[in-house]
Trainee: 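Got a structure here, written out as structure tokens. Questions coming.
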Amino acid sequence: RKPYQRLPEWLKTKVPVGANYARIKSDLQARCPNIGDCWGGGEHKTATATIMLMGDECTRGCRFCSVKTSKTPKPLDVNEPENVSQAISKWGLDYVVLTSVDRDDIPDGGSEHFAKTIRLLKLKAPQILVECLTGDFKGDLECVARVAYSGLDVYAHNIETVEALTPYVRDRRATFRQSLKVLEHVKKIKPNLITKTSIMLGVGETEEEIMDALKELRNINVDCVTIGQYMRPTKRHMKVHEYITPEKFNYWSEVGNHLGFLYIASGPLVRSSYKAGEFFIGNILK
Ligand code: SF4
């Protein structure tokens with residue numbers, strides 16, 4: 001089947017505005033369709049930002065991701081935990097997502113770097129809720145535990161797609177089972193920590209495969225799921241197989257609620273941390 005490539009109306013977004021947006025934008029560069037909502041605080045004024053740690057070169061090469069790949073990325077900046085935590089504590093944020101490239105070149109995958117950043121941030125600004133979106137640390141559960149015990153509020157790790165498409169969509173070192181193991185371990189060692197994952201639709205998955213993935217996630221007590229449309233970053237990346245309709249996204253939202261997730265965000269423009277702050281602050285963490 002020939003992939004459908006023209007952008008449907010529901011995927012076109014408005015230009016972001018707002019004072020908080022302008023303030024943070026002057027410090028950072030980022031590309032996301034919801035950026036005005038996040039940094040401006042959206043209609044409920046919960047300001048959220050996502051920060052990428054450990055450089056801009058990833059040791060992996062997933063077929064949907066626009067981050068640069070390198071077998072030998074630059075060494076970690078030892079001052080980053082201090083500098084990042086200091087900067088974030090001044091931005092007036094309610095919720096921050098710390099994420100990173102995958103650093104398979106570092107023995108602990110950068111887990112101590114992550115943990116240190118969280119500890120410092122919680123010292124400087126304990127009121128900011130912290131979500132970490134980590135890689136799979138090659139399935140090393142000690143690394144997972146290091147981050148899980150660092151004082152964060154939400155542990156996120158993305159499965160990205162259904163099991164059958166994982167070898168095609170993600171780097172070959174990532175597997176669906178390994179990702180489930182990460183999420184399962186977090187809940188096992190820290191049952192009160194919220195776990196979260198994200199799935200992109202439109203890469204060729206079937207409805208049955210999505211249903212199976214959601215059930216597996218619920219079986220290992222994953223609390224939150226976000227489901228969004230895959231958008232091709234450049235022509236060098238894998239093609240969009242299909243643009244899923246808003247109605248179908250609503251359907252997955254209903255399915256998720258029925259399965260008993262604490263939170264499910266499902267929509268064409270939903271991204272990994274879409275309105276996470278608003279939801280967690282309003283419903284779960286306070
Ligand atoms: Fe991108 Fe993460 Fe894959 Fe690296 S591991 S290529 S940052 S999605």
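Order of appearance sets the numbers: ligands from 1, and atoms from 1 within every ligand. In this text the structure is predicted, and so the values were computed from the model without any measurement.
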Trainee: Lys248 vs Glu242, test: salt bridge (charged side-chain N to carboxylate O under 4.0 Å, His left out). Steps then yes/no.
Mentor: CA-CA 12 Å; Lys248 190 51 88 178; Glu242 187 185 359; over 6 Å; no

Trainee: Go through the steps for His157 and Ser179 under the test side-chain hydrogen bond (donor to acceptor under 3.5 Å, both in side chains), then give the verdict.
Mentor: CA-CA 7 Å; His157 170 64; Ser179 287; 2.8 Å; yes

Trainee: Could you pull out all residues at least two apart from Asn219 that satisfy side chain to side chain contact (heavy atoms under 4.5 Å, CB included)?
Mentor: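 For Asn219 there are no side chain to side chain contact (heavy atoms under 4.5 Å, CB included) partners, ignoring immediate neighbours.
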
Trainee: Can you find a side-chain donor-acceptor pair between Thr117 and Ser85 that sits under 3.5 Å?
Mentor: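 Absent: no donor and acceptor within the cut-off.
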
Trainee: Scan the protein's non-hydrogen atoms and note whether one is under 4.0 Å from atom 2 (Fe) of ligand 1.
Mentor: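 No, there is none.
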
Trainee: Which residues satisfy the side chain to side chain contact (heavy atoms under 4.5 Å, CB included) test with Met231, sequence neighbours excluded?
Mentor: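 Per chain and number, Met231 pairs via side chain to side chain contact (heavy atoms under 4.5 Å, CB included) with Leu7, Leu11, Gln229, Tyr243, Arg271.
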
Trainee: Which protein N, O or S atoms does atom 1 (Fe) of ligand 1 have within a distance shorter than 2.8 Å?
Mentor: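 Atoms qualifying: Cys65 SG.
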
Trainee: With sequence neighbours excluded, what pairs up with Leu141 under the side chain to side chain contact (heavy atoms under 4.5 Å, CB included) test?
Mentor: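 So Leu141 forms a side chain to side chain contact (heavy atoms under 4.5 Å, CB included) with Val144, Lys181, His185.
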
